[in-house]
Amino acid sequence: MAETFEIAIKEVLHHEGGYVDHPSDPGGMTNRGITKRVYEKWIGREASEQEMRDLTEETAIAIYKKNYWDRNRCDMVEDASSPGVAYFLLDFAVNAGRQGAKCLQKAIGANADGVIGPKTVALLKTMDADYVLEQMHMHRQKFYESLKTFKTFGRGWTRRNDEALAKGKKNGRVNRPS
């Protein structure tokens, strides 16, 4: 599990990049994919622009581990399916919060409440990982296309979704060798 997180987080950080404050981004000021709101909750106080610019990779990884990997029970998802499905879930959760878990649940026909629990995991165990990834890819794309900011960010989101699918597949870099 730790190995999968370490590999997956490198991919996530690659997609997230550095400091941005795009006027059309509802997340606002962001660095390494961590929004100002998420960082302020992490540190328990308001953060300055300079603090956001200075956000370290180590801090970002700690936030991703607790707030996205652990919260979405990616270890359980990996056990039930594959490292690739756990990675895809993490990547989408980082990009869109609870939509990641809802996407997985929609892909497998579970109640899409955004909380990965025993029922979701039990159902996931019965499904082919590549099929789950393809379904997640489709639902993720539909979600992106439904957003009013798709014209601005859609090309990048679509590329990221396609790359996450490729990396999540059995021959992708995220999966362990057979």
Side-chain angles (χ1 to χ4, degrees), residues 1-17 27 30 32-35 38 60-147 149-150 153-178:
M1 299 332 142
E3 175 187 347
T4 300
F5 176 75
E6 289 174 18
I7 295 167
I9 201 63
K10 288 177 186 171
E11 298 295 337
V12 167
L13 287 168
H14 165 74
H15 283 291
E16 291 297 341
T30 304
R32 301 178 191 275
I34 305 297
T35 64
V38 167
I61 290 171
I63 293 169
Y64 285 137
K65 176 75 168 77
K66 181 179 180 199
N67 290 5
Y68 299 92
W69 182 267
D70 293 345
R71 183 172 290 153
N72 285 286
R73 299 185 172 131
C74 290
D75 285 341
M76 290 172 56
V77 168
E78 180 181 1
D79 282 347
S81 183
S82 76
V85 172
Y87 159 68
F88 197 96
L89 171 58
L90 172 69
D91 188 67
F92 192 30
V94 163
N95 191 234
R98 286 182 48 157
Q99 291 301 319
K102 288 180 178 184
C103 177
L104 171 62
Q105 291 168 323
K106 288 176 187 175
I108 64 173
N111 178 33
D113 62 4
V115 178
I116 305 295
K119 290 179 183 175
T120 300
V121 170
L123 188 54
L124 183 58
K125 286 180 180 179
T126 70
M127 315 279 302
D128 175 74
D130 283 351
Y131 172 80
V132 172
L133 286 164
E134 289 162 8
Q135 292 299 304
M136 289 178 74
H137 177 268
M138 178 192 66
H139 288 291
R140 182 175 177 170
Q141 191 64 35
K142 284 181 183 178
F143 171 76
Y144 286 147
E145 291 173 10
S146 76
L147 298 175
T149 52
F150 187 76
F153 301 110
R155 185 173 171 195
W157 289 336
T158 297
R159 184 184 68 246
R160 181 176 182 161
N161 190 25
D162 292 346
E163 288 176 8
L165 174 64
K167 288 180 172 111
K169 290 280 196 158
K170 287 184 175 141
N171 293 324
R173 294 184 341 175
V174 172
N175 288 308
R176 294 184 188 119
S178 331

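The structure presented is a predicted model; accordingly, all values stated were derived computationally and were not measured.
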Is any side-chain heavy atom of W69 closer than 4.5 Å to one of T4?
yes
Can you confirm whether L13 sits close enough to R32 that some side-chain heavy atom of one is under 4.5 Å from a side-chain heavy atom of the other?
yes
Taking only residues at least two apart or on different chains, which pairs with a member in residues 89-116 satisfy ring pair (Phe, Tyr, Trp, His ring centres under 6.0 Å)?
F92-F143, F92-Y144
Hey, does N72 have a side-chain heavy atom less than 4.5 Å from the side chain of L90?
no
Quick check on side chain to side chain contact (heavy atoms under 4.5 Å, CB included): which of R140, M138, E145 does K142 satisfy it with?
M138
I'd like to know whether R160 forms a side chain to side chain contact (heavy atoms under 4.5 Å, CB included) with E11, so could you lay out the CA-CA distance, the side-chain angles of the two residues, the decisive distance to 0.1 Å, and finally the verdict.
CA-CA 10 Å; R160 181 176 182 161; E11 298 295 337; over 6 Å; no
Donor-acceptor pair, side chain of S81 and main chain of V77, under 3.5 angstrom
no
Side-chain touch L123/K119, heavy atoms, less than 4.5 angstrom:
no
Non-hydrogen side-chain atoms of E163 and H15 separated by less than 4.5 Å
yes
Measuring from atom CH2 of W157 to atom CG of L147, what distance do you get when rounded to the nearest 0.5 angstrom?
5.0 Å
Distance, nearest 0.5 Å, that separates OG of S82 from CE of M127
12.5 Å
Side-chain contact test, heavy atoms from C-beta onward, threshold under 4.5 Å: evaluate it for H139 versus L104 and give yes or no.
no
Please list, chain by chain and in numerical order, all residues satisfying side-chain hydrogen bond (donor to acceptor under 3.5 Å, both in side chains) with T149, sequence neighbours excluded.
none
With side chain to side chain contact (heavy atoms under 4.5 Å, CB included) as the criterion, how do I61 and F5 come out once you've worked through the C-alpha distance, each side chain's angles and the decisive distance to 0.1 Å?
CA-CA 10 Å; I61 290 171; F5 176 75; 3.9 Å; yes
Let me confirm one number: the CD1-CD1 distance from I63 to I34, rounded to the nearest 0.5 Å.
4.5 Å
Side chains of F150 and T158: does their closest heavy-atom pair fall under 4.5 Å?
yes
On a heavy-atom basis, the closest approach of P83 and E78 is CG-OE2, 3.5 Å
Closer than 3.5 angstrom, by distance alone: can the side chain of Q105 be matched with the main-chain N or O of V115 as a donor-acceptor pair?
yes
Distance from I108 atom CD1 to C103 atom SG, nearest 0.5 Å?
10.5 Å
First locate atom CZ of R71, then atom CD1 of I116, and finally report the distance between them rounded to the nearest 0.5 Å.
13.0 Å
Separation between CG of D91 and OH of Y64, rounded to the nearest 0.5 Å:
9.5 Å
Looking only at non-hydrogen atoms, find the nearest pair between A8 and Y87 and report the distance.
CB-CD1, 3.6 Å
Closest heavy-atom pair, Q135 versus A107, reported as atoms and distance to 0.1 Å, is CB-CB, 3.5 Å
Those residues that, when tested against K65, pass side-chain hydrogen bond (donor to acceptor under 3.5 Å, both in side chains) (two or more places apart)
D70
Does the side chain of L89 reach to within under 4.5 Å of the side chain of R73, using non-hydrogen atoms?
no
